[in-house]
Amino acid sequence: SSTDFVFRDFGNIFAELLPNSMAKLEKPAGSSSIMDGLEVRVQLGGVWKESLTELSGGQRSLVALSLILSLLQFRPAPLYILDEVDAALDPSHTQNIGRILSSPRFGGAQFIVVSLKEGMF
């Protein structure tokens, strides 16, 4: 199904943005449909976090960006505007975002990116 692509891409993008980590989208326990909602699960250092509140601001930014980019791969648009999505990140993670945006996966898209960090470019 189409949600399988988003689920897979979400995990792959998150792992690229934050190496040695994993993330996945799941239906809540006992749910039969994604219409009941989704849960975001994140694994850092081999430990699955119980809640997104356990993540740093930068890690939460990467979760959100991973979800947005996975949805954009499913429903592409010709132009994307990203405003300081790397504000809470260190330079290595900013570079990872730049690499993903310039990868063939988004080859048909154009990005307007506002960033105060050199690593993005």
Between CZ on residue F5 and CG on residue L71, distance to nearest 0.5 Å: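 F5 atom CZ to L71 atom CG measures 14.0 Å (nearest 0.5 Å).
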Side chains of [X] and [Y], heavy atoms from C-beta outward: is any pair under 4.5 Å?
X   : Y   : result
L69 : D9  : no
V63 : F10 : yes
L18 : V42 : no

Sequence neighbours left out, what passes side-chain hydrogen bond (donor to acceptor under 3.5 Å, both in side chains) with S103? Give chain and number order. none
Going by the ring pair (Phe, Tyr, Trp, His ring centres under 6.0 Å) test, which pairs reach into residues 83-119, not counting sequence neighbours? Y80-F111, F106-F111
I'd like to know if the side chain of N96 and the backbone of L17 have a donor-acceptor N/O pair within less than 3.5 Å. yes
Could you pull out all residues at least two apart from R41 that satisfy salt bridge (charged side-chain N to carboxylate O under 4.0 Å, His left out)? E26
Salt bridge (charged side-chain N to carboxylate O under 4.0 Å, His left out) partners for R105, two or more places apart: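 Per chain and number, R105 pairs via salt bridge (charged side-chain N to carboxylate O under 4.0 Å, His left out) with E16.
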Of I100, L65, L72, which is the lone residue that meets side chain to side chain contact (heavy atoms under 4.5 Å, CB included) with I13? I100
Using the rule that two of Ile, Leu, Val, Met, Phe, Trp, Tyr join whenever any of their side-chain heavy atoms come within less than 4.5 Å, decide whether V85 and V113 are in one cluster. yes
Determine which pairs satisfy salt bridge (Lys or Arg N to Asp or Glu O under 4.0 Å) with at least one residue from residues 66-78, sequence neighbours left out, and list them in order. none
Residue pairs passing the salt bridge (Lys or Arg N to Asp or Glu O under 4.0 Å) test where at least one lies in residues 45-56, sequence neighbours excluded: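 Output for this query is empty, none listed.
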May I ask you to check whether over 12 heavy atoms, not counting those of N20, lie within 6.0 Å of atom CG? no
